[in-house]
Amino acid sequence: VYVTTGAGAFALSLRDGAERWRHGTTPATTGPTVSDDDELVPPTVADGRVYLATTDGVVALHADDGTVAWRATGAAATGVPAVVDDAVIVPTADGLTALGARDGTRRWRAEVNATMPAVAAGTVVAGGEETVGLDAATGEREWSASAGADFHPVVADGTVYLGTYSRLVGVALGDGAE
């Protein structure tokens, strides 16, 4: 199990909860969803790596021992990263940035008012003040929807589900039509 706390990131044994490794970094925070306080950004795990949004960028750790695979300080993370193919999509203060999953190099940056990414079928769906569909390889805008989202979008069977505090909206993954 991989977790973040105010003391850093930890890997814990599923068998007995014993600490396997610890990385002393300060996790980024995101706005409150269930309380009045900002919340620590949880780690994202994919393909043997643990991706951490920190106060000074993104860190990729080897999942087995917690050693640093790479660090990208040019993308100050503000939310939970999403991993697609060989890229890490990172929410930042001014939109989304795609970093190479193997080395942390910047692939693209999209200035959008949507910082909660989900990925499906080669499309990055980002919710927030606006909801957009971006090409996962290039970051080019494919569509936008008038419905915003207060929570991370969920994609299933070609439909993007957008939750707000008052309603649930479904839009098509292909074109954003409600």
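Just so you know, residue 1 is the first one in the sequence shown, and it goes up from there.
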| query | What residues, two or more places apart in sequence or in another chain, satisfy side chain to side chain donor-acceptor pair (under 3.5 Å) together with Thr67? | reply | Asp65

| remark: Correct closest heavy-atom pair for Ala118 and Pro153 would be CB-O, 3.5 Å

| Given the rule that I, L, V, M, F, W and Y join up when any side-chain heavy atoms are under 4.5 Å apart, are Val83 and Val58 in one cluster? | yes

| field | OG1 on Thr4 to CG on Leu40, rounded to 0.5 Å | value | 5.0 Å

| Is there a donor in the side chain of Asp94 and an acceptor in the side chain of Thr92, or the other way round, less than 3.5 Å apart? | yes

| Separation between CD of Glu142 and CG of Leu134, rounded to the nearest 0.5 Å | 7.5 Å

| query | Is there a path from Val132 to Val119 through hydrophobic residues (I, L, V, M, F, W, Y) whose side chains come within less than 4.5 Å of each other? | reply | yes

| remark: By side chain to side chain donor-acceptor pair (under 3.5 Å), Thr5 pairs with (sequence neighbours left out) none

| Looking only at heavy atoms, which two atoms of Ala93 and Thr78 are closest? And how far apart? | N-CG2, 3.7 Å

| request: Please write out which residues are connected to Val59 in a hydrophobic cluster, directly or through intermediates, given that two of Ile, Leu, Val, Met, Phe, Trp, Tyr count as joined at side-chain heavy-atom separations below 4.5 angstrom. | output: Tyr2, Trp21, Val45, Val50, Leu52, Leu61, Val68

| said: Does any part of the side chain of Leu96, heavy atoms only, come nearer than 4.5 Å to the side chain of Pro91, both counted from C-beta? | reply: yes

Output side-chain donor-acceptor pairs under 3.5 Å for residues 167-178, partner residues at least two apart or in another chain, one line each.
from	atom 1	to	atom 2	distance (Å)
Asp175	OD1	Ala177	N	3.0

| said: Can you list everything that forms a side chain to side chain donor-acceptor pair (under 3.5 Å) with Thr138? Sequence neighbours excluded, please. | reply: Asp135

| query | Got a donor-acceptor contact below 3.5 angstrom from the Thr123 side chain to the Gly133 backbone? | reply | no

| said: If hydrophobic clusters are built by linking Ile, Leu, Val, Met, Phe, Trp and Tyr wherever their side-chain heavy atoms come under 4.5 Å apart, do Ile89 and Leu99 end up in the same one? | reply: no

| field | Residues that Glu111 engages under salt bridge (Lys or Arg N to Asp or Glu O under 4.0 Å), provided they are two or more places apart | value | Arg109

| remark: Taken in chain and number order and not counting sequence neighbours, the residues that satisfy salt bridge (Lys or Arg N to Asp or Glu O under 4.0 Å) with Arg49 are none

| Taking all non-hydrogen atoms of both residues, which atom of Ala149 and which atom of Gly127 are closest, and how far apart? | CB-CA, 4.1 Å

| Shortest non-hydrogen contact from Pro117 to His152? | O-CD2, 3.6 Å

| task | Please name all residues satisfying side chain to side chain contact (heavy atoms under 4.5 Å, CB included) with Glu19, sequence neighbours left out, ordered by chain then number. | result | Phe10, Leu12, Arg22

| message | Could you work out, with side chain to side chain donor-acceptor pair (under 3.5 Å) as the rule, every residue matching Asp103, not counting sequence neighbours? | response | Thr105

| message | Run Asp56 and Thr54 through side chain to side chain donor-acceptor pair (under 3.5 Å) and show every step you take. | response | CA-CA 5 Å; Asp56 64 347; Thr54 72; 2.7 Å; yes

| said: Between Met116 and Leu162, is there a side-chain heavy-atom distance shorter than 4.5 Å? | reply: no

| Contacts of type salt bridge (Lys or Arg N to Asp or Glu O under 4.0 Å), residue Glu130, not counting sequence neighbours | Arg141

| query | Under the side chain to side chain contact (heavy atoms under 4.5 Å, CB included) criterion, do Val80 and Thr44 qualify, and how do the steps go? | reply | CA-CA 7 Å; Val80 181; Thr44 300; 3.7 Å; yes

| Partner set under salt bridge (Lys or Arg N to Asp or Glu O under 4.0 Å) for Arg20, not counting sequence neighbours | none

| field | Contact check, side chains of Ser166 and Asp150, non-hydrogen atoms, under 4.5 Å | value | no

| request: Quick one: sort the Tyr51 and Trp70 rings into parallel, tilted or perpendicular, breaks at 30° and 60°. | output: tilted

| said: Test of understanding: clusters of I, L, V, M, F, W, Y form through side-chain heavy atoms closer than 4.5 Å, transitively. Do Val112 and Trp143 belong to the same one? | reply: no

| note | Nearest heavy-atom approach of Val41 to Pro81 is CG1-CD, 4.2 Å

| field | Residue pairs fulfilling salt bridge (Lys or Arg N to Asp or Glu O under 4.0 Å) with at least one residue in residues 1-17, sequence neighbours excluded | value | none

